[in-house]
Every structure is written in structure tokens, then in C-alpha cells.
Amino acid sequence: MYILYIEQGCPYGERVMAFMRKNNIRAELRDRDTKNYEQELIARGGKRQTPYLVDEETGVEMYESADIIAYLKKKLNIA
């Protein structure tokens, strides 16, 4: 399962979400600015930057939209 921390209106998060939609990749979206997700995000990654991906299957966690997309492409063998 994937968790994707996002911020509404962020073009980088939108880029990751569009890639995930196009490739039918499901993720639990957590808006940094709702509930306690900001504190959770900071506890996980050390900063409030989004997007931030958590791959619960492998334990991989990362920032940066290009890195997230590259990781998903490699993991799921998407050209």
C-alpha cells in the first residue's frame, strides 16, 4: 500500500497523482493541511515538504515528484 502526502494546489503533487491515476496505482492521500498529517509528515521525513511517498510494502519513503515517479516506474516495471 502507498501513502502519498500532498498539499492542495501543489503542481508537484498533482504530477505524481496524475501519473498514479494514469497507471491505476492506488494510494491513500493525506493532505498535509488536514488532521494531524503535517506533524505525521514531519515525524516521518523531517520536513513539511510535499509530495512525500510512503511504500508500506518495502519501507521506502521519499520526497521529490520526479524521484517518486521514477521509483514507481522501476518498481512496477512501467516504461
Side-chain angles (χ1 to χ4, degrees):
M1 178 176 151
Y2 300 107
I3 299 169
L4 183 64
Y5 290 87
I6 59 165
E7 174 187 1
Q8 293 298 319
C10 173
Y12 302 105
E14 183 53 45
R15 181 183 303 158
V16 174
M17 290 186 295
F19 173 82
M20 294 177 97
R21 280 191 302 269
K22 178 181 174 190
N23 292 284
N24 297 314
I25 301 168
R26 292 179 178 249
E28 177 185 337
L29 299 179
R30 295 186 180 176
D31 186 335
R32 178 190 75 189
D33 297 324
T34 61
K35 299 188 180 182
N36 290 323
Y37 292 141
E38 180 177 13
Q39 293 306 315
E40 188 177 292
L41 173 60
I42 293 168
R44 281 186 175 277
K47 47 190 171 178
R48 58 190 304 268
Q49 178 181 327
T50 60
Y52 185 77
L53 179 75
V54 177
D55 182 344
E56 292 188 310
E57 180 182 320
T58 63
V60 169
E61 299 189 16
M62 66 180 63
Y63 293 103
E64 300 297 336
S65 60
D67 292 343
I68 292 169
I69 291 169
Y71 170 77
L72 293 170
K73 282 182 174 180
K74 184 176 180 181
K75 181 179 180 202
L76 302 172
N77 199 25
I78 298 171

Between I78 and L72, is any pair of side-chain heavy atoms under 4.5 Å apart?
-> no
Among residues two or more places apart or on two chains, list those pairs meeting side-chain hydrogen bond (donor to acceptor under 3.5 Å, both in side chains) that have a residue in residues 16-26.
-> E14-R21
Walk me through it: do V16 and L53 pass the test side-chain contact (heavy atoms from CB on, under 4.5 Å)?
-> CA-CA 9 Å; V16 174; L53 179 75; 5.9 Å; no
Return the set of residues passing side chain to side chain contact (heavy atoms under 4.5 Å, CB included) with E61 (not counting sequence neighbours), or none when no residue passes.
-> R44, Y52, V54
Which pairs with one or both residues in residues 7-35 pass ring pair (Phe, Tyr, Trp, His ring centres under 6.0 Å), sequence neighbours excluded?
-> none
Applying side-chain hydrogen bond (donor to acceptor under 3.5 Å, both in side chains) to Q8 and not counting sequence neighbours gives D31
Same cluster or not: are M1 and I68 linked, directly or through other Ile, Leu, Val, Met, Phe, Trp or Tyr residues, by side-chain heavy atoms under 4.5 angstrom apart?
-> no
Step by step, would you call V60 with K75 a side-chain contact (heavy atoms from CB on, under 4.5 Å)?
-> CA-CA 11 Å; V60 169; K75 181 179 180 202; over 6 Å; no
The reported gap from CG in L41 to CD1 in I3 (rounded to nearest 0.5 angstrom) is 11.0 Å
Closest contact, heavy atoms only, M17 versus L29 | SD-CD1, 3.8 Å
Scan for salt bridge (Lys or Arg N to Asp or Glu O under 4.0 Å) pairs involving residues 3-13, sequence neighbours excluded, and state none if there are none.
-> E7-R32
Pairs in or reaching into residues 63-73: which pass salt bridge (Lys or Arg N to Asp or Glu O under 4.0 Å), with residues at least two apart or in two chains?
-> none
For I42, the other hydrophobic cluster members (4.5 Å side-chain criterion, sorted by chain and number) are none
side-chain hydrogen bond (donor to acceptor under 3.5 Å, both in side chains) involving T58 - partner list, sequence neighbours excluded | D55, Y71
For the student: nearest non-hydrogen atoms of A27 and L4, plus distance | CB-CB, 4.4 Å
Residue list, side-chain hydrogen bond (donor to acceptor under 3.5 Å, both in side chains) with Y63, at least two apart or on another chain | none
Output all residues satisfying salt bridge (Lys or Arg N to Asp or Glu O under 4.0 Å) with E40, sequence neighbours left out; order by chain, then residue number.
-> R30
Are I6 and M20 connected in a single hydrophobic cluster, I mean Ile/Leu/Val/Met/Phe/Trp/Tyr linked by side-chain heavy atoms less than 4.5 Å apart?
-> yes
